[in-house]
**Q** 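Pasting in a structure now, in C-alpha cells, and then I'll have a few things to ask.
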Amino acid sequence: MGKHLEEMTCLLYLEGELERARAREVSAHTQECSACRTLLRTLEHESRLLTRAMIEEDEPLPERLAALPGRSGPPLHWIWGAVLGLAATGVYGLYTGYLEPLVGRLDEVGFGGSDVISMLIFQGAFWKGWQSMISLIQILAMVTLAGTGVLLGRKWLRRPSAALVLSSFCALLALPGGAGAAEVRHAQIYTLHKDEVIKNDLYVGAGKVRIDGTVDGDLVAAGESVDVDGHVTGDVIAFTKNLRIAGKVDGSVRVFANTLVLSGAVGRNVTSFSEVFDQDSASQINGGLTAFSNSISLDGKTGRDFLAFANNTTLSGFIGGNMKLRGKALSIGSTAQIQGSAKFSGREPAEVSAQAKLGSPLVFEQYREEPRRWASHHYGFQLIWAAGTLLFGLVFFLVLPEFGREAAGAGQRYGESFGMGLLMLVGVPIAFGIACITLIGIPLGIAAMALWLGMLYCAQLVVGAIVGGWILGAAPAGNAWALTERMLLGVVAIRLVILVPHLGGLAHLAVILWGLGAITLAVYKRFQKETPALPLPAAPAAQPA
Amino acid sequence: MSAPGIREPAEAVQRAQAGDAEAWGEIYRQFAPAIFRFCRRALPTREDAEDATTEIFMKVRGKIGLYDPSRSFSAWLYKVSANHCWDMLRRRKGRQDKETEDVAELPLAHPEPGQLERLIEQSTSEQVRGALERLQPRARMALVLRYYSEMSYEEIAETLKVRRAFVGVVLLRARHELRQALERPGELAAGGTR
C-alpha cells in the first residue's frame, strides 16, 4: 500500500471521470487501504445525500406559478421602439406646433415670459388656481412612474426591505397634511357674518355661500351661488353657478362658474372660465384678467393685461396693459381706454367708438380656417394621442391582463356591448347631474364621472384587443403579451380609421359604445362571480433522479 | 446529461412546436415543479426562484422551435434553466468577480476520512439544504448542476464558463464549502444570501 489517494482523485473516480488505467490503480489501492476506502465511501454517501436533499419536495409550487406564464417579450421589442418613436415625435410636434407659437403669442400679448412653463406655473395670472391641478398632474405622473417601476422592478420590489421602503413611502404620501389645516364648512346655506373673521383658509361647500365677514386666508368655495361682500385676504377659488364679488379680494380670483359678476376689488389677477363674465364700473382688478367665456362685459378697471377667448366682448372700462382677444365680435365703447397694444382676432371687425382711448390702433386679424395649418395641427394631435394611448394601453394590459382579456371577451357579445355602452354613455352623465344637485352627492358624482371618463379612454383599448384578435387570430389563453400585442395593433388600426373624415367620427362613436359596454360587462361579471381558487397543476410533477 | 425519472413529453413537445397552447400547458404542468425546485436550489431567494421559473418557461416557449426533438427535452430544459440562473447570478457582478479569484487560490485541506464520515452520516437533508443556501453562488450552482440536474462535466463547464478540467476542482471546493457550512451552521458563507 503506497501513499493515500488524493480526495480529488477519489471524487473523479466516483464520478467516472478518471482515465481507465488510473481508475484501475485507484480500485486496486482501495482494496488494500481502508482509509481511502472510507473516504471513497463517504464521498459517495455525500453525493447521495446531496441529491436527496435537493430533490426532496420541501416546498410546494408557489401559487403564482400555478398559472401558465405568457410568451416572452422579445417578439414585441419593436413595439417599444415604435411607441417611444411615436412619443418622441409627438413631444416634438407638441413643442414646435403648439408651445413655441404660444410663447410667441403670449409675448406679443405682453405676458412677457420667455419660458412658458415657468410663466404658466409661477407667474401672476395663473399662479394659485393651477397649483392644485399641477399637484394632481404630478401625483398622476408619479403614480404612473411608480406603476411602471413596479412592473419593471417587481423582482426587486418583492424583497422585504424594498417592500418596507415602498410601503413607508406610500404611508408617508397618505399622511394628512400637517400644519396648514384649514377651516372646512358644509351646510345648505353658509354665511360668514359681517363681524366674523376666519384667520385661516376657508373651504366651504354649500348650496349658498355668503361671505360678509373677513377670511384671513384663501377662500375655496363650491356651491350653487357664492357671494363675496366681505374681505378675503388671500385668493378666491370658486366652482359655482353664480359668483358675485362685491367685496375685496387681496389675492387672485380663479373661477369656474356659469356667471361671474365682479363689482368689487381684486388685488391681483382674475382667471375665469364662465359662460358670462360681467365687470361693473366700480370694479377694479389690479393685476391681469384672463377669461374664457361666451360673453364678456368689462366696465371697470383692469390694471394689467387682458387676454380672452370669448364670443362676444364689450369693453367700456380701462385696461392698463395690452389686450389680446380672440372671438367672434368685439365692441369698444366710448368710455373704453386701453393703455397698451390691442389685438383682436375675430370673424367680424371690431366696432370701435371714436371716443375710445387706445394706446395704439387696434390690430384686427380676420379669423379664418387655415386648412393646411389646421390639418398639420390636427394630425399632430392625433399622433400625440395615439402615442399616449399606446403607452397607456401597454401599461394597462400588462398590469391588468386578466381584466383586459375579460373585457375583450365581453366585447365579443356585440349586441349586449353596444346596448350597455349606449346606456353608460348617456346614463352616467345624467346620474352625475342628479348626484351633483345635492351637495353630498358632488364627490360621488365627480368620482363616478372620473371613472366614466377613464372607461371612455379605455374603450378603444378593449376594442383594439378585439380588432387585433381579428387580424392576428385569438390570443392564446394566459398569454398576456400576445393579448397586448393584439391590443396595440388594434389601437393603431382604430386610430387610423378615426382619421378618415366623416366616417372617422362615426367609427369613434362606435368604438366608444362598444368598448364602454364591454368594460361595463366585464366589471359587472367580476362583481358577480366569486373569486375562484387558483388551478394548481394536476399532473404529477417531474423531477430528476 | 440524462434526466432519469422523467417521462419525455415528445408528443406534447411536437404539438407545442406546432403552436398548440394546450400542449404547452401540459409541458408546463409536468415540468414547472421540478424547474422551480432547480431554481430554488440554485438561487439565493424564493422570489428569485419564482421569477426565474416564470422567465425560463417564457424563454423556452419562445425558443421551442429551436429544440431538436432527437435529443432529450428535459435535458434541454435543464440546460436552458441552468444558463438562465447562472446568467442571473453573474449579473450580480461584484460578488462574482471576487469569488472567481477565491476559487482559484484557496488551498484544499485533505479531510480526515473518519471525521468526514461522521459529519456526512449525521447530516440531514434539511441541514444540507440550509448549508447549500449559504454557499458561494458558483459552488452552489456546481453542486445543483451535478447532483440535481445530473449534468455531465462538459455541460457544467459550458454552463459555468470554466475549463472542463477545472470542473472537478469546482465541485470539490463546493463540497468543502458545504462541509464547512454543515460544521458551522450559524456562519454565513461569503456570497450566501437569503
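Below, chains carry the letters A, B, ... as their sequence lines are ordered, and counting in each starts from 1.
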**Q** Do you know which of A:His45, A:Glu56, A:Glu17, A:Arg48 has the most heavy-atom pairs under 4.5 Å to chain B?
**A** A:Glu17

**Q** For A:Pro60 and B:Arg46, work out which heavy atoms get closest and say how close.
**A** O-NH2, 4.0 Å

**Q** For B:Glu117, does the CD atom sit with more than 12 other heavy atoms under 6.0 Å from it, leaving out its own atoms?
**A** yes

**Q** Nearest 0.5 Å please: distance from the CG atom of A:Leu50 over to the CD1 atom of B:Ile120.
**A** 7.5 Å

**Q** Side chain from CB out, backbone as N, CA, C, O: work out which of these in B:Val144 comes under 4.5 Å of a heavy atom of chain A, or both, or neither.
**A** both

**Q** Evaluate whether atom CD of B:Glu183 has more than 12 neighbouring non-hydrogen atoms of other residues, nucleotides or ligands under 6.0 angstrom away.
**A** yes

**Q** Nearest 0.5 Å please: distance from the CG atom of A:Leu49 over to the CG atom of B:Leu178.
**A** 8.0 Å

**Q** Less than 4.5 Å to any heavy atom of chain A: does that hold for the side chain of B:Glu121, its backbone, both, or neither?
**A** both

**Q** Which one of A:Glu57, A:Glu59, A:Met54 satisfies the side chain to side chain contact (heavy atoms under 4.5 Å, CB included) criterion with B:Arg37?
**A** A:Glu57

**Q** Give a yes or no on whether a salt bridge exists between B:Arg179 and A:Glu46, defined as a side-chain N under 4.0 angstrom from a carboxylate O.
**A** yes

**Q** Is B:Leu119 close to chain A through its backbone or its side chain, or both, or neither, when contacts mean heavy atoms under 4.5 Å?
**A** neither

**Q** Measure across B:Tyr147 and A:Leu11 and return the closest heavy-atom pair with its distance rounded to 0.1 Å.
**A** OH-CD1, 4.1 Å

**Q** Within the structure provided, determine whether A:Thr38 and B:Leu116 are in side-chain contact (heavy-atom separation under 4.5 Å).
**A** no

**Q** How far apart are the closest heavy atoms of A:Ala53 and B:Arg129, and which atoms are they?
**A** O-NH1, 2.9 Å

**Q** For A:Leu43, is it the side chain, the backbone, both or neither that has a heavy atom under 4.5 Å from a heavy atom of chain B?
**A** both

**Q** Side chain, backbone, both or neither: which part of B:Arg146 has a non-hydrogen atom closer than 4.5 Å to chain A?
**A** side chain

**Q** Could you tell me whether B:Glu22 atom CD has more than 12 heavy atoms of other residues or ligands within 6.0 Å of it?
**A** no

**Q** Can you tell me how far the OG1 atom of A:Thr42 sits from the CZ atom of B:Arg118, to the nearest 0.5 Å?
**A** 10.0 Å

**Q** Pick one of side chain, backbone, both or neither for B:Arg164, based on which atoms fall under 4.5 Å of a heavy atom in chain A.
**A** side chain

**Q** Top residue by heavy-atom pair count (under 4.5 Å) with chain A, among B:Ser123, B:Ser125, B:Gly168?
**A** B:Ser125

**Q** Working to the nearest 0.5 Å, report the span between CD1 of A:Ile55 and CZ of B:Arg41.
**A** 9.5 Å

